[in-house]
Amino acid sequence: MFQSIDDLMARLEEANYFLDRDAATVIYLAWQMKRPLLVEGPAGVGKTELAKTLAQVSQRELIRLQCYEGLDESKALYEWDYQKQLLWIQANMQGNLDWAAAKTAIYGEEFLLARPLLKALLAPKETVLLIDELDKSEEEFESFLLETLSEYQVTIPEYGTVAAVSIPVIIITSNNAREFSEALRRRCFHLYLDFPGPERELSILRRKLPELEERLGREVISFVQLLRKQNLKKSPSIAETLDWAKALVGLKTKSLDRNLVQNTMALLLKYREDYQTITKKLDQLLVSGVG
Amino acid sequence: MLEKLVLFTHNLRKAGFSVSLNQVTTAMEALSLVDLDAQTFKVILRAVFAKTHQEIQVFEKVFSLYFGAEPEVKNTVEWASVDEIGLKLRAGGCDGKGVGRSGIGGSQGNFLVSILDEAQATALAKSLVSSLEWDNTCPRPVGAYWEQLKRDLDWHMLKYQVEEKLDLTENERLFILEKMEAFASLVEHYLYQELAAREGQAGVSRILEELNYEQQDFRQLNEAGLEIIEQQVKKLGRKLASRKGYRYAPSTQGRIDVKRTLKGAVLRGGVPAKLKRKKRRIERPELLVLCDISNSMSQYTQFLLLLVWTLQTKHKRIRSFVFVDRLAEVTHLLQGREALEGLRFIGIHAPCSATGFTDYGRVFRDFAEGYLQDLHGKMKLLILGDGKNNWRDPQVDAFKAIAGGVGGVFWLNPRPQTTWYENDSVLGLYRPYCKGIYKCSNLAELKRVSSLIV
């Protein structure tokens, strides 16, 4: 699929996703060796976007499993179509159906509802399977994943073991809220994505917002990078920085000033406490950022 | 290559990593798939062996110790003019008295200027380490050497000046702090190299043991270790707070709710076409936490309170108390505050010490008098303390009454087990009324104990 690490970087860049070489190396190897990739990092650095972009550039279907508290295998792996099974039994009640035949029939493939994990394994073509925010699910759910992650198969007690038709590229993202079990972590390649440095973030802005002037771009990035170093509840994400820059371009801004920043800062800071903290320090931050 | 890699994984294991054989073969396979340079080599091993952000930080140190590579310098604050900062620092350091307006001495100003430059910083770090006096007869902890250097450099004062006093822009301030951090890791790197050269394998083992933060006594953690452990404790708290009750652990869904299933069946001609299930409840323990915050215990208490704080942010049925020789409730001080701010508040606002010497008897008597009526059988009482009562009256009856009022008393003691019942310790008298007494002086023990209790 990807010829080399450079090829992977170049193709992601074409799709407007910028990575450093270290991260690209890990992704390339996970891809080549068909190992699950566990991506961690602060919210808003582009973990989910990475999976989406990989699917896009490799022209594979993206199957997404969004994790949340209470997620279980019936929503992630498979479920028996209970209503359909009942219908089948009622429809065949008149005939002389023996128990063994009925059991084989109602636990057949026809009655199996494939959820994202099974869907990814059964897909005829290779897919990208995104298991998003796994840290939000519970500990037990991790155990269900282990078989899929290491063997690329699922065991269904009534049916047997279903092996993958095609091996998907599995990308697991986490916001680091909870620690995963050793067993899960051992099976994955680990990638920690941090916020990009100033130069790389500036090139992202330039690529996505060509009309942004160089000077304003640098001021925006300086300010946002300083914000990320403050003790905030939530640091501004790359997408939020882009939104802010778009708003500034829309307002025909040439250069940042205090009032403008104060009035538009809500696009970057989403907590009242953060907003108040930064308002107090704004003069100091602007001198540094703009200066 | 394989032999080197296997030896490297031995080092990682000593530093607390869990490395399987499968991971070693994965690493070998990965190394054969790409053109290798020094950085790619490290990145591959890091991706295979280090599985969390915290582990990455330790991995970097073990890697540079084993392969001799200098630590990676990250420049996240850019576009700061080094010349301009240099001028400011030198100006802050010269007023004819050797101390500038900011309080920074001329030599300190020069020192800061020199660590801004990578080559100069490296040379300085090397010369500092080589100037150390090494005690070969009685090996000191590695951290102690760095602490000594910090004292010589007046490091903490310097940091304070940069953070608070010097007339710098925010960008410049962050730039200097980042350079100071980079310099600290350089010094640490050369310290490790020097120690490994002097003491051989024994020195390397000592370094690796100190890097195994999870097994290290809370009181012996260095700055980096403290930061890592703080993060880990918060994670542990979140994990425990959202854990499902053990009772239905094997089932992923709740039990079938017969009432709701039958109700639904009425709509479908009596056929229970859709099974309704009860939700599995998250077990919310009612905890009472009593922490000794006398001097000898404060470091341990900090971590237990941090765990309590994290649990408290998820649910409210936890009451926390601190004591030395008086009892003070601090539940309200922790609520609605960030962890560290809450802990600082406790230090200032909790009226729990009159003499400075721990008095368990008085504390338990006060607790029994004030809170006995609030206790019930579903509560668990968690006590963190070393049981040393300074030869005062232990008031065993009060403790017995408290223990009878709750579902169980669990005592956490950070001291070595052999000293639990020595000298002025009254733990032996309280022991019959406790459900469990556990040693709890590092993260590994805290993890084990908290998953048993919470």
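Please read all numbers here as calculations on a predicted model, not as lab measurements. Below, chains carry the letters A, B, ... as their sequence lines are ordered, and counting in each starts from 1. Keep in mind that the numbers below use all heavy atoms, side chains included, and drop hydrogens, waters and symmetry copies.
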OH/A:Tyr192 to CD/B:Glu55 distance, rounded to the nearest 0.5 angstrom? 14.0 Å
Under a 4.5 Å heavy-atom cut-off, does chain B meet the side chain of A:Gln85, its backbone, both or neither? neither
Nearest 0.5 angstrom please: B:Asn22 CG to A:Arg187 CZ, how far? 8.5 Å
Qualifying salt bridge (charged side-chain N to carboxylate O under 4.0 Å, His left out) pairs with a residue from residues 20-41 of chain B, counting only residues at least two apart or across chains: none
Using a 4.5 Å cut-off on heavy atoms from C-beta on, say whether the side chain of A:Val26 contacts that of B:Arg46. no
Might you confirm whether atom OH of A:Tyr271 has over 12 heavy atoms from other residues, nucleotides or ligands at distances under 6.0 Å? no
In the structure I gave you, are the side-chain heavy atoms of B:Leu174 and A:Gln225 within less than 4.5 Å of one another anywhere? no
I'd like to verify something: which residue of B:Thr52, B:Leu275, B:Ile56, B:Val271 has the highest number of heavy-atom pairs under 4.5 Å with chain A? B:Thr52
Step through the shown structure and confirm whether more than 12 heavy atoms of other residues, nucleotides or ligands are within 6.0 Å of NZ on B:Lys263. no
Return yes when atom NZ of A:Lys234 has more than 12 non-hydrogen atoms of other residues, nucleotides or ligands closer than 6.0 Å, and no otherwise. yes
Using non-hydrogen atoms only, which part of A:Ile5 is less than 4.5 Å away from chain B: side chain, backbone, both, or neither? side chain
Shortest non-hydrogen contact from B:Lys51 toward A:Glu40: O-OE1, 3.6 Å
Heavy-atom pair count under 4.5 Å with chain A, highest-scoring of B:Ala47, B:Ser20, B:Ala50, B:Pro272: B:Ala47
Looking at every non-hydrogen atom in both residues, tell me the closest pair between B:Thr26 and A:Met33 and how far apart they are. O-CE, 3.5 Å
Which atoms form the tightest heavy-atom contact between A:Arg186 and B:Ser18, and what is the distance? NH1-OG, 4.0 Å
Note: B:Lys274 and A:Tyr82 closest approach over all heavy atoms is N-CE2, 4.1 Å
Engaged part of A:Leu29 at the chain B interface, taking heavy atoms whose separation is under 4.5 Å: side chain
Which atoms of B:Val19 come close to chain A, meaning under 4.5 Å heavy atom to heavy atom: side chain ones, backbone ones, both, or neither? neither
Closest approach of B:Leu33 and A:Gln32, non-hydrogen atoms and distance? CD1-CB, 4.2 Å
What is the distance from atom OG1 of A:Thr25 to atom NZ of B:Lys42, rounded to the nearest 0.5 Å? 12.0 Å
With only heavy atoms counted, which part of A:Arg228 is less than 4.5 Å from chain B, the side chain, the backbone, both or neither? neither
A quick test of your reading: do over 12 heavy atoms of other residues, nucleotides or ligands sit less than 6.0 Å from CD of B:Gln39? yes
Check whether A:Phe141 gets within reach of chain B through its side chain, its backbone, both or neither, counting any heavy atom under 4.5 Å. neither
